[in-house]
Amino acid sequence: KMYSVVNKRRGRVVKEDMIEGSSTFTVTAHIPVIESFNIGPELRKQTSGMAMPQLIFSHWEVLDIDPRWVPSTEEELLHFGEKADSANPALKYMNDIRKRKGLKIDEKIVEFAEKD
């Protein structure tokens with residue numbers, strides 16, 4: 001269950017260690033900072049209180065995705081569709097941070113509405 005929480009938050013497990021002479025298991029994972037908010041309560045809930053998270057800043061890593069990317073070539077349009085329905089994580093992170101800081105977001109509330 002702990003691995004599902006890490007994977008859901010776009011993290012990756014780097015190291016797993018069993019401490020000799022005890023039942024303690026240490027897992028080291030890299031999770032984006034924006035995804036680490038409220039991970040403690042979620043980990044404890046999923047593991048019935050058995051997991052004790054400790055968050056330590058490790059390193060910076062640049063996302064290889066452009067937040068303003070839209071499909072433009074014929075091949076990209078065929079693969080992703082005209083609206084690129086798959087979520088762009090870089091755009092999601094950027095919008096979440098802008099929302100938290102109270103900045104303007106280019107977001108449509110209703111995209112395809114029909115009047116009855």
Side-chain angles (χ1 to χ4, degrees):
K1 299 214 179 216
M2 186 267 317
Y3 294 102
S4 66
V5 173
V6 171
N7 288 332
K8 186 177 93 176
R9 292 175 174 259
R10 297 183 42 84
R12 63 184 187 278
V13 175
V14 177
K15 185 170 73 171
E16 303 167 336
D17 289 327
M18 181 78 171
I19 297 176
E20 291 183 34
S22 72
S23 61
T24 306
F25 194 72
T26 304
V27 176
T28 303
H30 291 160
I31 301 171
V33 172
I34 191 85
E35 297 284 355
S36 68
F37 294 114
N38 297 322
I39 196 169
E42 185 178 353
L43 266 174
R44 282 191 289 280
K45 180 181 174 187
Q46 290 294 327
T47 61
S48 302
M50 299 298 285
M52 293 177 282
Q54 180 179 10
L55 302 176
I56 301 171
F57 179 76
S58 171
H59 64 280
W60 291 102
E61 189 173 315
V62 177
L63 289 174
D64 58 347
I65 306 164
D66 180 13
R68 300 289 182 200
W69 178 84
V70 290
S72 55
T73 66
E74 191 173 317
E75 184 179 310
E76 289 172 346
L77 287 169
L78 283 171
H79 188 266
F80 296 105
E82 197 168 308
K83 293 176 274 182
D85 294 334
S86 57
N88 182 340
L91 181 62
K92 180 186 173 298
Y93 292 159
M94 187 178 77
N95 284 340
D96 288 348
I97 292 168
R98 291 180 70 84
K99 232 183 261 184
R100 193 176 70 232
K101 291 184 172 190
L103 300 172
K104 184 178 175 248
I105 300 171
D106 297 331
E107 188 175 55
K108 295 178 183 176
I109 296 173
V110 178
E111 192 163 341
F112 300 106
E114 292 182 15
K115 189 174 180 180
D116 290 332

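What's counted below: heavy atoms across the whole structure, side chains too, no hydrogens, waters or symmetry copies. Given the structure is predicted, the values throughout are model-derived calculations rather than measurements.
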Side-chain heavy-atom pair K1, S48 within 4.5 angstrom cut-off: no
N38 atom CG, neighbour heavy-atom count above 12 within 6.0 Å: no
Carboxylate-amine/guanidinium proximity below 4.0 Å for D96 and K92: yes
Check: F37 main-chain N/O paired with R9 side-chain donor or acceptor under 3.5 Å: yes
Linked, directly or transitively: Y3 and M18 (ILVMFWY side chains, under 4.5 Å): yes
Minimum side-chain heavy-atom gap E16-T26 below 4.5 Å: no
K104 NZ to N95 CG distance, which is reported to the nearest 0.5 Å: 11.0 Å
Full working for side chain to side chain contact (heavy atoms under 4.5 Å, CB included) between T47 and M52: CA-CA 9 Å; T47 61; M52 293 177 282; over 6 Å; no
Residue pair L55 / S36: nearest heavy atoms and the distance that separates them: CD1-O, 4.1 Å
Taking every non-hydrogen atom, the tightest pair across G40 and P53: CA-CG, 3.6 Å
Close side-chain approach of V13 and V27, heavy atoms under 4.5 Å: yes
With sequence neighbours excluded, residues passing side-chain contact (heavy atoms from CB on, under 4.5 Å) with K45: none
Check ion pair R10-E61 (N to O, under 4.0 angstrom): no
Presence of salt bridge, E42 and K8, under 4.0 angstrom: yes
Separation between CD1 of I19 and CZ of F25, rounded to the nearest 0.5 Å: 10.0 Å
Expected output: side-chain R98 to main-chain L103 donor-acceptor under 3.5 Å: no
Shared hydrophobic cluster, M2 / I39 (ILVMFWY, side-chain heavy atoms < 4.5 Å): yes
